[in-house]
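Here is the structure we will look at.
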Amino acid sequence: MPYVNIKVTREGGPGGTGPSADQKAQLITGVTGLLQDILGKNPATTFVVIDEVALEDWGVGGLPVQEYRKQAE
């Protein structure tokens with residue numbers, strides 16, 4: 001019974017509000033298919049959860065992601 005947790009920031013997507021419902025459905029279908037194809041897992045018992053995280057709650061390299069991106073430019 002696989003459990004996959006995908007975390008994404010609430011940016012991009014339609015209007016900068018994060019992934020659309022269609023994009024989330026594609027992620028769920030794709031991840032489920034990969035687990036079936038590669039590991040032989042049953043899609044009926046595969047759980048995929050998508051969590052959207054506010055951009056200010058995401059960090060990279062010890063910095064809030066917005067500051068990290070500024071320094072990377």
**Complete:** Here the pair of heavy atoms bringing Gly18 nearest to Gln23 is O-OE1, 4.4 Å
**Message:** Between Thr45 (side chain only) and Asn42 (backbone N and O only), is there a donor and an acceptor less than 3.5 Å apart?
**Reply:** yes
**Prompt:** If you look at every heavy atom in Val60 and Tyr68, which pair is closest and at what distance?
**Reply:** O-CD1, 3.5 Å
**Fill in**
Here the gap from Thr46 atom OG1 to Met1 atom CE, rounded to the nearest 0.5 Å, amounts to 10.0 Å
**Message:** Check this for me: Lys41, atom NZ, are more than 12 non-hydrogen atoms of other residues, nucleotides or ligands nearer than 6.0 Å?
**Reply:** no
**Prompt:** Are any of the side-chain heavy atoms of Val31 and Ile6 separated by less than 4.5 Å?
**Reply:** yes
**Message:** Tell me whether Val53 shares a hydrophobic cluster with Ile28, the cluster being built from Ile, Leu, Val, Met, Phe, Trp, Tyr side chains joined at under 4.5 Å.
**Reply:** no
**Request:** Considering non-hydrogen atoms only, spot the tightest contact between Lys7 and Asp51 and give its length.
**Result:** NZ-OD2, 3.1 Å
**Asked** Any idea which heavy atoms bring Glu52 and Pro19 closest together, and the distance?
**Response** OE1-CD, 3.9 Å
**Prompt:** Arg10 and Thr17: side-chain contact (heavy atoms from CB on, under 4.5 Å), yes or no, with the steps?
**Reply:** CA-CA 5 Å; Arg10 287 188 195 129; Thr17 59; over 6 Å; no
**Request:** May I ask you to test the Leu27-Val48 pair for a side-chain heavy-atom distance under 4.5 Å?
**Result:** no
**Message:** side-chain contact (heavy atoms from CB on, under 4.5 Å) for Leu55 and Gln66? Distances and angles first, verdict last.
**Reply:** CA-CA 8 Å; Leu55 189 59; Gln66 291 170 313; 3.3 Å; yes
**Message:** Taking Tyr3 as the starting point, is it possible to reach Val8 by hopping between hydrophobic residues whose side chains are less than 4.5 Å apart?
**Reply:** no
**Prompt:** So do the side chains of Val4 and Phe47 get within less than 4.5 Å of each other, counting heavy atoms only?
**Reply:** no
